[in-house]
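Below is one structure, written out as structure tokens; the observations come after it.
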Amino acid sequence: MLNLPSPVPDMETRDFWDQAKHGVLTAQQCQACGSLQFPAYACCQRCNATDLKWSAVSPHGTIYTWTTVHRSPRAEFAGRVPYTLVVVEIDGVKGLRYPGLLVNSPPGQPKIGLGVTVTFEEISDGYRLPVWRLDGDEPESE
Amino acid sequence: MWSLKDKCIIAGVGMCGFFRHCDRTEASIAVEAILKALQDSGLTAKDVDGLITYTFNNDSVRPQEVAQALGIRNLRLWIENWNGGTVQASLLAIAVMAIEHGLAETVVVYRAAKHRSGRVRIGGAGQTADTGGLEQFLVPHGWANYFVDQAAGATRHMYEYGTTEEHLGAVALLAYANAQENDSAYAKGYGPKTMEEYLRSDYLAHPFRRWDFASEVDGACAYVVSRSDRAADLPRGAVYISALAQGSSPTLMKAGRYAQFDFAGDNATVGAAAYLAKDLFQRAELSPKDIDVAMIFDSSSFAVIKQLEDFGFCGKGEGGPFVASGAISLRGKLPVNTSGGLLAEGYMHGINLIKEAVLQLRGDAGARQVRDARTAIVTSGAASSLGGGIILTRR
């Protein structure tokens, strides 16, 4: 379990977090044109339809970019530094990108283009946070 | 010709600070900056009938309060805008359009904030974890302030174009060097002096070090907009508002209260500047090579590199070598951020860049003066996917 603050979902995002609790990564999918988008938007960015559903996407992606936070002024994160945040592009859906924690950072710097897979870590209040693990690494035992 | 070109002028500028810590209220420091700007323009509060301000998360002082303090008899225009530094071009546009159409005659644009000592801090200190809205997807991971976004953007640019930490350092070192010639700068007497010193300092969010971020300060800044027919009355000369433009990337960022996520499309490496540059230069009837001095919105050192590329001062991906070449130093061919900018004069969301452009064009920049400065560009937030640009000229 990671000691991280829980999200505060709204009506439109509740299902994202419910599916995350079941280990499923989702994006908003437009029921009219099929377009996928993330994070949540009020309507389809492509066709402006408002019927959007959170649909499963591939749990695999590649690192589009990253940063490593070495200092945080916020108490919740100060004790965790250094930690690495990545922007992950989902395999097969160009431009569909997720921000998230990289939980098994290598020594040295992460490399753009490396493959990652989502994993769902329990945080506070029963939420599971979709975070990322570099492919080719054994998952650590708890 | 653009219908608003040179119809209005910036008649005066004023500043209060900038300070590491100021115990006075935002209202007090705003009024001081405004009164200085009015004095600089040969006007008084009695002449003011328009007040425009902007905030970042509600951190300024409202026009009504300023109007009351100044004893303004008939306030005919009052505008408060959020969105921090991206809105500057639009605020100037509102002032120009209002004056041109007789809605107001003398408009003061001001900004006051206590970012360092007050309740709203850009770096996120002092804020409790706000994890609703966009933040629900960012903050639980520890993606908790605006600088994280810019740092990750810089990483992508380094990957695509080979930009290096030394390139970032070149921007930061120049900012702090310029600030030493500026009595208003927060960083006067402070800051890194050599590349070794810069590279030795710790990362805050890779690749950024403390020197790569705009500096939180307390302070205020104001400028006065009038019709161009007032130009002859001004003892220090008039600065003409020759062009304004705003624009966005086709894939806008998601912006929350404390953090943003700006990685759609090519936003990491190409900002709003690329989408508005053509309008801006066309309206001014100028091209990048005509610009004598450039105030580039430096929320980070990387933001300068990105915008120099996107406004066309150098090719895409060449911003790093360009800033390292000496071209942007005070004696270079395109001096940038001669006051120290947001990095080292202080992060007042860009209004102080307008101030510095005016001083340069009037020949009032003292030890920082660029010779024969007749045209200036000021950018507003245009490294992100939303932003603007302003071109000011001197006849």
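So that the names make sense, note that chain A is the first sequence line, chain B the second, and so on, each numbered from 1.
Of all heavy-atom pairs spanning A:Thr67 and B:Ala151, the tightest one is OG1-CB, 3.5 Å. Of all heavy-atom pairs spanning B:Gly142 and A:Phe77, the tightest one is CA-CE2, 3.5 Å. Counting all heavy atoms, side chain and backbone alike, A:Pro39 lies closest to B:Leu134 at CG-CD1, 3.8 Å. Shown here for B:Pro140 and A:Leu129, the closest heavy-atom pair between the two residues is CB-CD1, 3.7 Å.
Put simply, the side chain of A:His70 never gets that close to the backbone of B:Tyr203: no donor and acceptor are under 3.5 Å apart. With A:Arg71 contributing its side chain and B:Ala205 its backbone, the two residues share no donor-acceptor pair below 3.5 Å. Checking side-chain atoms of A:Arg97 against main-chain N and O of B:Phe263 turns up a donor-acceptor pair under 3.5 Å. Judged purely by atom type and a 3.5 angstrom limit, A:Lys94 has no side-chain atom pairing as donor or acceptor with the backbone of B:Gly265.
Atoms CH2 and NE2, on A:Trp66 and B:His206 in that order, are 4.0 Å from each other to the nearest 0.5 Å. Put simply, NE2 on B:His141 and OG1 on A:Thr84 are 13.5 Å apart, with the number rounded to the nearest 0.5 Å. For the atom pair CD1 (A:Ile63) and OG1 (B:Thr155), the distance works out to 11.0 Å, reported to the nearest 0.5 Å. Here the CZ atom belonging to B:Phe261 is positioned 7.5 Å from the CZ atom belonging to A:Phe38, to the nearest 0.5 angstrom. Taking CG from B:Asn145 and OG from A:Ser72, the interatomic distance works out to 7.0 Å, rounded to the nearest 0.5 Å.
Side-chain atoms of A:Phe16 and B:Gln136, non-hydrogen and from C-beta on, never get closer than 4.5 Å to each other.
Contacts with chain B were tallied for A:Leu2, A:Leu4, A:Thr13; A:Thr13 has the most, counting heavy-atom pairs under 4.5 Å. The candidate with the highest count of non-hydrogen atom pairs below 4.5 Å against chain B, out of A:Gln45, A:Lys111, A:Gln109, A:Arg80, is A:Gln109.
Both the backbone and the side chain of A:Thr68 come within contact range of chain B, with heavy atoms under 4.5 Å apart. Within the 4.5 angstrom heavy-atom criterion, atoms from both the backbone and the side chain of A:Ile112 approach chain B. Contacts of A:Tyr127 with chain B are absent, with no heavy-atom separation under 4.5 Å from either backbone or side chain. Of the atoms belonging to B:Leu204, heavy atoms from both backbone and side chain fall under 4.5 Å from chain A. Looking at A:Val86, only its backbone comes within 4.5 Å of chain B, counting heavy atoms on both sides.
Relative orientation of the B:Phe137 and A:Trp54 rings is tilted, given thresholds of 30° and 60° on the angle between their planes.
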side-chain contact (heavy atoms from CB on, under 4.5 Å) evaluation trace for A:Arg74 with B:Val139: CA-CA 11 Å; A:Arg74 296 174 67 144; B:Val139 174; 4.0 Å; yes
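Within 6.0 Å of the NE2 atom in B:His21, the count of heavy atoms belonging to other residues, nucleotides or ligands exceeds 12. Residue-environment remark: CG (A:Asn3) stays at or below the threshold of 12 foreign heavy atoms within 6.0 Å.
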